Protein chains: 2
Amino acid sequence: MTTPRWLSDDELTAWLRLRAVTMLLPAAIDGQLKRDSGLTEFEYYVLAMLSDASDRRLTLSDLASRTNSSLSRLSHVVRRLGEAGWVTKATCPDDGRSTFAVLTDAGMALVESAAPGHVEEVRRRVFDTLSDAEREGLSVALERILSTLDPAHHLTRDID
Amino acid sequence: MTTPRWLSDDELTAWLRLRAVTMLLPAAIDGQLKRDSGLTEFEYYVLAMLSDASDRRLTLSDLASRTNSSLSRLSHVVRRLGEAGWVTKATCPDDGRSTFAVLTDAGMALVESAAPGHVEEVRRRVFDTLSDAEREGLSVALERILSTLDPAHHLTRDID
DNA sequence: AATCATTAGTTGAACCTTCAACTGACATCA
DNA sequence: TGATGTCAGTTGAAGGTTCAACTAATGATT
């Protein structure tokens, strides 16, 4: 390694801000969901993905790639969601290795009750603070950053 | 709660990108540090804060607020860093309740060896993908978002 | 000086994620 | 059809964070 190219003042400022947002924003979003619905952000998105899927079901592998989770993590979480009555499992007729996670009616009701508060929190924390031009500037820059972090756009294709 | 104001298409796009970056960027930064130095990002920043402090020491409370950590988390981590020989503790003469965490020579050497690779990773993941204008757009928008998440700017005042 | 509230820090249990090892099903290819 | 490799998912242990309860020291109030 040659002598490192340290960050310029402007870069350092941007980096500290980016770092602060990546720490504080997920905590704020998670906190609202926990307080108002007893769900972690991850659990909420698992249920939300299922609520939007056809027949309210997805294989664990599909869910894992949509939520950027390991299969192991998802397996543990789906078991807990199952114990709570929000998700059940079903065999996949096309492939004996796959297992569907299926959203129950109770799970659907939970997502639907949690969604408005979640969206409000996203608005409050992000979009209420930004002008249209600022939002566009943010969006463009994030897209650039994602070009190396998620080149296949796995995490930005799906609905909320 | 009245009928929720759902996100517009542009807002949804920006939100998915912001969410993706908050998930993937810390994982990428953390991964590089773990691979090359055996440190988590949190441990690295604890040591980095100490390396920059006068007499290489800070009270745990001060460290906690600079790293956005709970005192409990920090207490556990400082114990582990102490077992590894990178940090020691010292009593605070001004206030018998406070305890200094002090960076050892070995800890200083570790931070100095880890810093270049870390900065390179930040460059590669963030600034190499952005034009100056894009970086500015990002920085401005993040600053707006932080106005409600961290109004006192606790996390953006300190050095890297 | 005695009391009460607050601040600094520690500790152990509970919880979640990661990791590695494992089972079972499908695919490939001889 | 048998052997081998890969894919889907599970499991239990290990490691880190959170939470609540705790100790000890300081500050404030009388």
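Throughout, a chain's letter reflects where its sequence line sits, starting with A, and its residues are numbered from 1. Predicted model only: the values in this text are computed from it and were never measured.
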_Which label fits Y45(A) and H118(A): parallel for a plane angle under 30°, tilted from 30 to 60°, or perpendicular past 60°?_
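Perpendicular.
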[N] [atom2] sits how many Å from [X] [atom1], rounded?
{"X": "H76(B)", "N": "dA8(C)", "atom1": "NE2", "atom2": "P", "result": "18 Å"}
{"X": "F100(A)", "N": "dA8(D)", "atom1": "CZ", "atom2": "C1'", "result": "13 Å"}
{"X": "D30(B)", "N": "dG16(D)", "atom1": "CG", "atom2": "C1'", "result": "12 Å"}
{"X": "R73(A)", "N": "dT11(D)", "atom1": "CZ", "atom2": "P", "result": "18 Å"}
{"X": "E83(A)", "N": "dT11(D)", "atom1": "CD", "atom2": "C1'", "result": "14 Å"}
{"X": "F42(B)", "N": "dT17(D)", "atom1": "CZ", "atom2": "P", "result": "7 Å"}
{"X": "L58(A)", "N": "dA8(D)", "atom1": "CG", "atom2": "C1'", "result": "15 Å"}
{"X": "L74(A)", "N": "dT18(C)", "atom1": "CG", "atom2": "C1'", "result": "14 Å"}

Please determine, for the side chain of [X], which listed nucleotide ([options]) has the closest atom?
{"X": "S75(B)", "options": "dT10(C), dG16(D), dT18(C)", "answer": "dT10(C)"}
{"X": "V77(B)", "options": "dG9(D), dG9(C), dT17(D)", "answer": "dT17(D)"}
{"X": "S72(A)", "options": "dA20(C), dA8(D), dA8(C)", "answer": "dA20(C)"}
{"X": "T59(B)", "options": "dC19(D), dG9(C), dT10(D)", "answer": "dG9(C)"}

How would you label the contact of [X] with the nucleic acid (heavy atoms, under 4.0 Å): base, sugar-phosphate, or nothing?
{"X": "L71(B)", "answer": "base"}
{"X": "K34(A)", "answer": "nothing"}
{"X": "T99(B)", "answer": "sugar-phosphate"}

_First of R79(B) and T40(A) reached from the 5' end of DNA chain C, by closest nucleotide_ =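 Per heavy-atom nearest nucleotide, the more 5' residue is R79(B).
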*Does the side-chain contact (heavy atoms from CB on, under 4.5 Å) test come out yes or no for S139(B) and D10(A), once each step is laid out?*
CA-CA 9 Å; S139(B) 197; D10(A) 286 348; over 6 Å; no
*Would you say the side-chain atoms of R17(A) and T156(B) include a donor-acceptor pair closer than 3.5 Å?*
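Looking only at side-chain atoms, T156(B) and R17(A) do not form any donor-acceptor pair under 3.5 Å.
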*Hey, does the Lys NZ or Arg CZ of R56(A) hover above the aromatic six-ring of F100(A), less than 6.0 Å from the centre and inside 45° of the axis?*
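Verdict for F100(A): no cation-pi partner in R56(A).
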Detail all sub-3.5 Å separations between protein N/O atoms and N/O atoms belonging to nucleotides 24-28 of chain C.
| from | atom 1 | to | atom 2 | distance (Å) |
| --- | --- | --- | --- | --- |
| dC26(C) | OP1 | G96(A) | N | 2.9 |

*asked:* Assess the residue pair L138(B) and I145(A) against the criterion (side-chain contact (heavy atoms from CB on, under 4.5 Å)); give the C-alpha distance rounded to whole Å, side-chain angles, the decisive distance to 0.1 Å, and a yes or no.
replied: CA-CA 10 Å; L138(B) 175 68; I145(A) 293 174; 4.1 Å; yes
*Hey, does the side-chain of S69(A) have a donor or acceptor N/O within less than 3.5 Å of a partner on the base of dT17(C)?*
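It does not, because no donor-acceptor pair links the side chain of S69(A) to the base of dT17(C) below 3.5 Å.
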*Can you list the steps and then say if K34(A) with L39(A) is a side-chain contact (heavy atoms from CB on, under 4.5 Å)?*
CA-CA 5 Å; K34(A) 269 227 190 78; L39(A) 291 171; over 6 Å; no
*Heavy-atom pair of closest approach, residues A28(B) and L149(A)*: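 Taking every non-hydrogen atom into account, CB-CD2, 3.8 Å.
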